[in-house]
Chemist: 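Structure incoming, see below.
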Amino acid sequence: MKRILIFLICLSLLVLPCVAAEDSLVITEAVTQSNITVPAEKPTEAVTEPTTQKAESTTEKTAPVVEKEEVEEVTEDNSQPRLMVVSYEIEDGFISPEETKILTITLKNMHSKKQVSNIKLSVSEDSDEIRPTGMGTKYVDSIGANKYYTWSVELKAVHTATIGEHKLSFTCDYEDQNGSGYNADDTLRIEVRQPALLEFDGAKLPVKVVQEDTVTVNINLMNTGKAPLYNCKVDFKIDGLDSGGSSFVGEIAPQESATASANLRVDSEMIGKTTGTIIITFEDSFGEKFELKKDVETKIEKKVIKAEKQEEKEKKNPLWWLFLLGGLLLGGSLGFGIPFFINSNKQRKKDEERL
């Protein structure tokens, strides 16, 4: 009997640790699935150790991630602002000797962000034949980024200025926002020309013209300038009068004249008042064309043939035959009376001599 009790006691001591170990394993798996750390019972130290390691690994997985802030690098803009001439023009397109005209220059600050300041502008010409009427300089406080500025300067050409193209030097000195200095140079091309001057007379028509007649028109062209004129010609645009084309004169030297002649044929069907234009065209030494116009008018009368003229005379003198008959009677009477008077005088003298 004692042996049986001892056997049961030993058996129970062997079974109890195994059941405790199984319960510990079940609790650990449940904690792992729910991510909650639950302290296990401490039947033995071997069961507590793996549970603690599992909880620590779970804590590491759920920790928040901290992002690093990005720091922007600021770079300094060291680019040079550039001031440039974008356009220029002189009044009427050219300047003549002894003449004063306005030159207009347009500048632009090409930089999109930086303004320029403390600006000095100047213009000059090496030959000194074209001169600014003043100092030829200009101060400008500032020009904003991507902005324009226009400078108008008065120029004078001396009386001995050479005809042709002249090169003017344009300079601008300026600073950027940091006080750094810059300069820019440009060449401006200006033409010196003698003006083309022409006067004329004789550009007129007779007061009356007759159908189918030919009317001659002589126009005197005079070059009153100091430069030759080229391709001078005269055109006629007059209703009822046909010139047959242009009257070409050609070149006319300075202070000389030439005559343009044209024969205008009068229309055979048109009658009454008519108007038109005489057009004179010519060119200067640079090929630029000029045009002068003169309005003219005349009256076209119907052409009268000889038979019509005779009828018109008869209508004006309807008793012409009476004058003719009277003339014949008077002439006959005189022709008969004079001889009769002479013979009577002779016969009277003979009778007196007999007595």
Side-chain angles (χ1 to χ4, degrees), residues 89-101 157 159-166 190-306 309:
E89 62 178 354
I90 192 166
E91 188 179 354
D92 298 328
F94 65 91
I95 189 170
S96 300
E98 300 185 30
E99 192 174 36
T100 301
K101 287 189 175 180
H159 70 283
T160 57
T162 306
I163 303 301
E165 186 179 82
H166 289 245
I190 304 297
E191 285 188 353
V192 175
R193 300 184 188 180
Q194 287 288 359
L197 302 175
L198 183 140
E199 295 182 4
F200 63 92
D201 59 21
K204 57 183 179 180
L205 299 175
V207 177
K208 296 180 180 179
V209 295
V210 180
Q211 289 177 335
E212 297 184 4
D213 279 2
T214 299
V215 180
T216 300
V217 178
N218 296 316
I219 302 176
N220 189 33
L221 307 178
M222 298 163 284
N223 182 356
T224 57
K226 296 181 180 180
L229 304 178
Y230 301 93
N231 297 325
C232 301
K233 65 177 182 177
V234 180
D235 290 288
F236 300 85
K237 293 185 178 180
I238 307 168
D239 294 337
L241 279 75
D242 183 16
S243 64
S246 302
S247 178
F248 187 78
V249 176
E251 180 180 348
I252 305 177
Q255 307 302 314
E256 293 188 4
S257 62
T259 301
S261 298
N263 295 319
L264 307 179
R265 178 72 175 174
V266 184
D267 192 276
S268 61
E269 297 181 357
M270 189 170 180
I271 191 170
K273 183 179 178 179
T274 183
T275 59
T277 306
I278 297 176
I279 304 171
I280 303 170
T281 56
F282 56 96
E283 298 177 7
D284 63 7
S285 303
F286 296 87
E288 184 176 355
K289 295 183 178 181
F290 300 87
E291 184 177 271
L292 301 174
K293 293 183 178 181
K294 176 68 180 297
D295 294 332
V296 293
E297 65 177 34
T298 187
K299 182 179 180 181
I300 301 177
E301 294 186 340
K302 184 178 179 181
K303 183 177 181 180
V304 181
I305 59 177
K306 292 182 179 180
K309 289 182 179 180

Chemist: Check for a donor-acceptor pair, side chain of T259 on one end and backbone N or O of I219 on the other, with a separation under 3.5 Å.
Modeler: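 Flag not set: sc T259 to bb I219 has no pair under 3.5 Å.
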
Chemist: Using only atom types and a distance under 3.5 Å, with no angle test, would you say the side chain of N223 pairs donor to acceptor with the backbone of G225?
Modeler: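 Checked: pair present.
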
Chemist: So do V234 and F236 actually touch side chain to side chain, heavy atoms under 4.5 Å?
Modeler: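 Yes. Closest side-chain heavy atoms under 4.5 Å.
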
Chemist: Indicate the atoms forming the closest heavy-atom contact of P97 with I163, along with that distance.
Modeler: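 Smallest interatomic distance, heavy atoms only, reads CG-CD1, 4.2 Å.
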
Chemist: Any heavy-atom pair between the side chains of F282 and L221 that's under 4.5 Å?
Modeler: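 Not touching, per the 4.5 Å side-chain cut-off.
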
Chemist: More than 12 foreign heavy atoms under 6.0 Å from CD of E165: is that the case here?
Modeler: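 Counting other residues, nucleotides and ligands, CD of E165 exceeds 12 neighbours.
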
Chemist: Measure across V266 and Q211 and return the closest heavy-atom pair with its distance rounded to 0.1 Å.
Modeler: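 Shortest heavy-atom contact: CG1-CA, 3.8 Å.
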
Chemist: Quick one: closest heavy-atom pair of D235 and K233, and the distance?
Modeler: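 Minimum heavy-atom contact is OD2-CE, 3.8 Å.
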
Chemist: For a quick test of reading the model, state the closest non-hydrogen atom pair linking A227 to S285 and the distance between them.
Modeler: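 So the minimum-distance heavy-atom pair works out to CB-OG, 4.4 Å.
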
Chemist: I90 and F94: which non-hydrogen atoms are nearest, and at how many Å?
Modeler: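 For I90 and F94, the tightest heavy-atom pair comes out as CG2-N, 3.5 Å.
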
Chemist: Any side-chain to backbone donor/acceptor pair from T274 onto D239? Under 3.5 Å, distance only.
Modeler: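 Yes: the side chain of T274 pairs with the backbone of D239.
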
Chemist: Locate the shortest heavy-atom distance separating K293 from T277; write the atom from each residue and the value.
Modeler: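 The answer is CB-CG2, 4.0 Å.
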
Chemist: In a table with atom names and distances, give each donor-acceptor pair under 3.5 Å that connects a side chain of residues 190-206 to protein atoms at least two apart or in another chain.
Modeler:
from: E191; atom 1: OE1; to: R193; atom 2: NE; distance (Å): 2.9
from: E191; atom 1: OE1; to: R193; atom 2: NH2; distance (Å): 2.7
from: R193; atom 1: NH1; to: E288; atom 2: OE1; distance (Å): 2.7

Chemist: Ignoring hydrogens and angles, tell me if any N or O in the side chain of S268 forms a donor-acceptor pair with the backbone of E212 under 3.5 Å.
Modeler: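 No, S268 side chain to E212 backbone: no donor-acceptor pair under 3.5 Å.
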
